[in-house]
Enquirer: 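One structure follows; several queries about it will come next.
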Amino acid sequence: MLFSEQFITIIILATLTGSYMVDTIADFLNLKNLNPSLPKEFKDHYDTQQYSASQDYLKANTKFGFVTSSFDLTIILVFWFSGGFQTLDAFVRSFNFNSIVSGLFFTGILLFLKLLIYLPFGMYSTFVIEEKFGFNKTTPKLFFTDLIKSIFLSAVLGGILLSLILGFLEFGGPQAWIYCWVASTIFILSVQYIVPTWIMPLFNKFTPLEEGPLKQAIVNYAKSIDFLLSNIFVMDGSKRSSKSNAFFTGFGKNKRIVLFDTLIKNQSIEELVSVLAHEMGHFKKKHIIKKMILSIFQMGFMFYLISIFISHEGLFHAFFVKEVSIYAGLIFFSMLYSPIDLFVSILFQISSRKDEYEADRFAAKTIKDSRPLINALKKLSVHNLSNLTPHPFYVFLNYSHPPVISRINTLKSL
């Protein structure tokens, strides 16, 4: 035996409760770091009422997050120590399916139960908190339509990948983890091509950016940095939220720039070009490729560990499950892997924040002016009621982007 069932239980319990306590402390520090005085960098964009609303928005989301995480921890512990996993496993085994179908059934039931339990929380976030602060544009019909589409896509795409993984782990022998790694890598890369053209249009309308000064400015900038650009779309983000954003998606011929209609409404042409210059900077600096390669290697390491622990009896005994199975082992391993996942995610966040600074510098250098991006960041922060003074510990744990004031001051120094 690699580890005893008691040791595994302690590790998982310590991870669950430790993560909960650390997140709670980070949230408390983040709230305590709120400053009623408007930072000088935003005096030309924020008024007192808006700034107060941004702090109320943070407080509302933090309190709601605390309730959600407390409920989440309670549900997991109650289900675990009441023998819920064993009850579910016995129910699935009573149908005498083969191991792959049993695995799909077992995982599907767990995910469906989670969906039902957390549905009220999602509705409260959308129709109470987001509504209160003027962001929500989602109707109940759209909310549930999105939910049904998401369930269908998750069942089809997730079912295909899970079937492959279960099959390889069950019948692949000692090299099964390599087969899982390769299959998952191919799947993820394939999805990058499918998402822009097939999946995203199921949820939003993408209209080619019409000819005019904005499109011409974007095309001219792209040519100036030798960036191959053919697809520029406007997304009807306003049908769900009044928040603004812009992003790149896809690879190769399916690569496209997407601008929220709300962003176009609130930013000048120079500011919009600066935002896209930042996004193009991620491509030119190979940030996206780097992240994907690191994620693929992390996935390989995870599958290697899965091959070691997947049939470890102590892992099943820790969850009061009597019979060893690949499908239940995957669920239990995901909880055992949590400490490593937390550590890796923090490293990824650090790397991501560094990349954001680099993309900012790229945009300012190639446009030869940092002011448009500074103004764009200010407008985005005000419009989205962003927290201007996050606590450093909260940033360390949760932020993939540097705090906006740090970005602005760095851009000013250029």
Enquirer: With heavy-atom distances below 4.5 Å as the criterion, would you say the side chains of Phe105 and Arg93 are in contact?
Expert: no
Enquirer: Between Glu271 (side chain only) and Ser268 (backbone N and O only), is there a donor and an acceptor less than 3.5 Å apart?
Expert: yes
Enquirer: Atom CD of Gln50 and atom CG of Leu38: how far apart are they, to the nearest 0.5 Å?
Expert: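 Rounded to the nearest 0.5 Å, the CD-CG separation comes out at 10.0 Å.
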Enquirer: Go through it in stages, so that I can follow the logic: the residues are Ser406 and Tyr357, the test is side-chain contact (heavy atoms from CB on, under 4.5 Å), and I'd like the CA-CA distance, side-chain angles, deciding distance and then a yes or no.
Expert: CA-CA 9 Å; Ser406 296; Tyr357 281 126; 3.3 Å; yes
Enquirer: Regarding Tyr221 and Thr366, is there a side-chain donor-to-acceptor distance under 3.5 Å anywhere?
Expert: yes
Enquirer: Rounded to the nearest 0.5 Å, how far apart are CG of Asn61 and CG of Asp56?
Expert: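 Answer rounded to 0.5 Å: 11.5 Å.
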Enquirer: Please answer whether the main-chain N or O of Phe348 pairs with a side-chain N or O of Ser351 as donor and acceptor at a distance below 3.5 Å.
Expert: no
Enquirer: Going by the rule side chain to side chain donor-acceptor pair (under 3.5 Å), which residues pair with His401 if we only count those two or more places apart in sequence or in a different chain?
Expert: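 His401: side chain to side chain donor-acceptor pair (under 3.5 Å) contacts with Glu356.
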Enquirer: Within the distance-only criterion (no hydrogens, no angle test), does the side chain of Ser154 pair as donor or acceptor with the backbone N or O of Ile151 below 3.5 angstrom?
Expert: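 Here the side-chain-to-backbone pair does not exist.
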Enquirer: Hey, what do you get for CD (Glu41) to NZ (Lys412), rounding to the nearest 0.5 Å?
Expert: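 One finds 5.5 Å between CD of Glu41 and NZ of Lys412.
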Enquirer: Return each pair, listed once, that meets side-chain hydrogen bond (donor to acceptor under 3.5 Å, both in side chains) where at least one residue sits in residues 112-131; pairs must be two or more places apart or across chains.
Expert: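 Applying side-chain hydrogen bond (donor to acceptor under 3.5 Å, both in side chains) to every pair that reaches into residues 112-131, excluding sequence neighbours, yields Tyr57-Glu130, Asp72-Tyr118, Glu131-Asn136.
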Enquirer: Do side-chain atoms of Ser19 reach the backbone of Thr15 as a donor and acceptor pair under 3.5 angstrom?
Expert: yes
Enquirer: Holding to side chain to side chain donor-acceptor pair (under 3.5 Å), I want the full list of residues that pass it with Arg361, two or more places apart in sequence or in another chain.
Expert: none
Enquirer: Please assess Leu169 against Phe303 for the test side-chain contact (heavy atoms from CB on, under 4.5 Å), listing each intermediate value before the final yes or no.
Expert: CA-CA 10 Å; Leu169 291 174; Phe303 278 122; 5.6 Å; no
Enquirer: For Ser345, give me all partners under side chain to side chain donor-acceptor pair (under 3.5 Å), at least two apart in sequence or on another chain.
Expert: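 By the side chain to side chain donor-acceptor pair (under 3.5 Å) rule, Ser345 matches no residue at all.
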Enquirer: List for me each residue that meets side chain to side chain contact (heavy atoms under 4.5 Å, CB included) alongside Leu34, sequence neighbours excluded, and say none if there are none.
Expert: Leu31, Gln55, Leu58, Lys59, Asn387, Thr389
Enquirer: Mark yes when over 12 heavy atoms from residues, nucleotides or ligands other than Lys149 sit less than 6.0 Å from its NZ; otherwise mark no.
Expert: yes
Enquirer: To the nearest 0.5 Å, how far apart are CD1 in Ile326 and OG in Ser99?
Expert: 8.0 Å
Enquirer: Are there over 12 heavy-atom neighbours, none belonging to Phe28, within less than 6.0 Å of that residue's CZ?
Expert: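 Atom CZ in Phe28 is not crowded, with 12 or fewer foreign heavy atoms closer than 6.0 Å.
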Enquirer: I want to check something: taking the side chain as every heavy atom from C-beta on, are Pro39 and Tyr51 in contact at a cut-off of under 4.5 Å?
Expert: yes
Enquirer: Quick one: closest heavy-atom pair of Pro390 and Tyr399, and the distance?
Expert: CB-OH, 3.4 Å
Enquirer: Inspect the surroundings of NZ in Lys43 and state if more than 12 heavy atoms from other residues, nucleotides or ligands are less than 6.0 Å away.
Expert: yes
Enquirer: For a 4.5 angstrom cut-off between non-hydrogen side-chain atoms, does Val22 reach Leu342?
Expert: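 When only atoms from C-beta onward are counted, Leu342 and Val22 do not touch, as no gap falls below 4.5 Å.
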Enquirer: Quick check on Lys63: does its NZ atom have over 12 non-hydrogen neighbours (other residues, nucleotides or ligands) under 6.0 Å away?
Expert: no
Enquirer: Does the pair Ser70 and Tyr20 meet the rule for a side chain to side chain donor-acceptor pair (under 3.5 Å), with working shown?
Expert: CA-CA 8 Å; Ser70 300; Tyr20 172 79; 2.6 Å; yes
Enquirer: Do Tyr327 and Ile100 have side chains that get closer than 4.5 Å, going by heavy atoms?
Expert: no
Enquirer: CG of Leu29 to OH of Tyr394: how many Å apart, nearest 0.5 Å?
Expert: 11.5 Å
Enquirer: Go through the steps to decide whether Leu162 and Leu330 satisfy the test side-chain contact (heavy atoms from CB on, under 4.5 Å), and finish with yes or no.
Expert: CA-CA 10 Å; Leu162 181 59; Leu330 281 176; 4.0 Å; yes
Enquirer: Evaluate the side-chain proximity of Arg240 to Asp146: yes if any heavy-atom separation is below 4.5 Å, no if none is.
Expert: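 SC-SC contact between Asp146 and Arg240 confirmed.
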Enquirer: Which pair of heavy atoms, one from Ala222 and one from Met280, lies closest together, and at what distance?
Expert: CB-CE, 4.2 Å
Enquirer: Quick one: sort the Phe247 and Phe260 rings into parallel, tilted or perpendicular, breaks at 30° and 60°.
Expert: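 The arrangement is perpendicular - the two ring planes meet at more than 60°.
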Enquirer: Counting only heavy atoms not in Leu228, do more than 12 fall under 6.0 Å of its CG?
Expert: no
Enquirer: For residues Pro196 and Pro201, report the shortest heavy-atom separation together with the two atoms involved.
Expert: O-CD, 3.5 Å
Enquirer: Taking the six-membered ring for Trp, is the centroid-to-centroid distance between Trp80 and Phe85 below 6.0 Å?
Expert: no
Enquirer: Knowing that exactly one of Tyr337, Phe309, Phe316 qualifies, which makes a ring-ring contact (aromatic ring centres under 6.0 Å, His included) with Phe332?
Expert: Phe316
Enquirer: For a quick check under 3.5 Å, do Asp261 and Ser238 share a side-chain donor-acceptor pair by atom type?
Expert: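 Indeed, the side chains of Asp261 and Ser238 share at least one donor-acceptor pair under 3.5 Å.
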Enquirer: Would you say Gln86 and Lys322 make side-chain contact, with heavy atoms under 4.5 Å?
Expert: yes
Enquirer: What are the two closest non-hydrogen atoms of Thr62 and Asp27, and how far apart are they?
Expert: CG2-CB, 3.7 Å
Enquirer: Identify the heavy atoms of His278 and Ala363 that sit nearest to each other, and give their distance.
Expert: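 Between these two residues, the closest heavy atoms are N-CB, 3.6 Å.
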Enquirer: Kindly say whether Ser386 contributes a backbone atom to a donor-acceptor pair with the side chain of Asn384 at under 3.5 angstrom?
Expert: no
Enquirer: Output yes when a side-chain donor or acceptor of Lys285 lies under 3.5 Å from a complementary backbone atom of Glu358, and no otherwise.
Expert: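 A pair under 3.5 Å: no.
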Enquirer: List the steps, then state whether side-chain contact (heavy atoms from CB on, under 4.5 Å) holds for Leu157 with Ile199.
Expert: CA-CA 11 Å; Leu157 297 178; Ile199 295 179; 3.7 Å; yes
Enquirer: Hey, does the side chain of Asn204 reach the backbone of Met200 with a donor-acceptor pair shorter than 3.5 angstrom?
Expert: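 Not a single qualifying donor-acceptor pair exists.
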Enquirer: Could you tell me if the side chain of Leu119 sits less than 4.5 Å from the side chain of Leu147, heavy atoms only?
Expert: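 Answer yes - side chains close enough.
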Enquirer: Residues in side chain to side chain donor-acceptor pair (under 3.5 Å) with Asn409, at least two apart?
Expert: none
Enquirer: Under 4.0 Å between a Lys/Arg side-chain N and an Asp/Glu carboxylate O for Asp44 and Lys378?
Expert: yes
Enquirer: Okay, side chain of Ser242, backbone of Gly134: is any donor-acceptor separation there less than 3.5 Å?
Expert: yes
Enquirer: When you look at CZ of Phe187, are more than 12 heavy atoms from neighbouring residues, nucleotides or ligands closer to it than 6.0 Å?
Expert: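 It does: Phe187 CZ has more than 12 such atoms within range.
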Enquirer: Ignoring hydrogens, what is the shortest heavy-atom contact between Cys180 and Phe168? Give both atom names and the distance.
Expert: SG-CB, 3.6 Å
Enquirer: Does the Ser244 side chain pair with the main chain of Leu380, one donor and one acceptor, at a distance under 3.5 Å?
Expert: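 Here the side-chain-to-backbone pair does not exist.
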Enquirer: Would you find a donor on one side and an acceptor on the other, under 3.5 Å apart, between the side chain of Trp177 and the backbone of Phe301?
Expert: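 Answer holds: no.
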Enquirer: Enter the distance from Glu5:CD to Ile10:CD1 here, rounded to the nearest 0.5 Å.
Expert: 10.5 Å
Enquirer: Quick one: does Ser54's side chain get under 4.5 Å of Tyr46's, heavy atoms only?
Expert: yes
Enquirer: Might you confirm whether atom NZ of Lys215 has over 12 heavy atoms from other residues, nucleotides or ligands at distances under 6.0 Å?
Expert: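 Atom NZ in Lys215 is crowded, with more than 12 foreign heavy atoms closer than 6.0 Å.
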Enquirer: Does the ring centre of Phe95 sit less than 6.0 Å away from the ring centre of Phe97?
Expert: yes
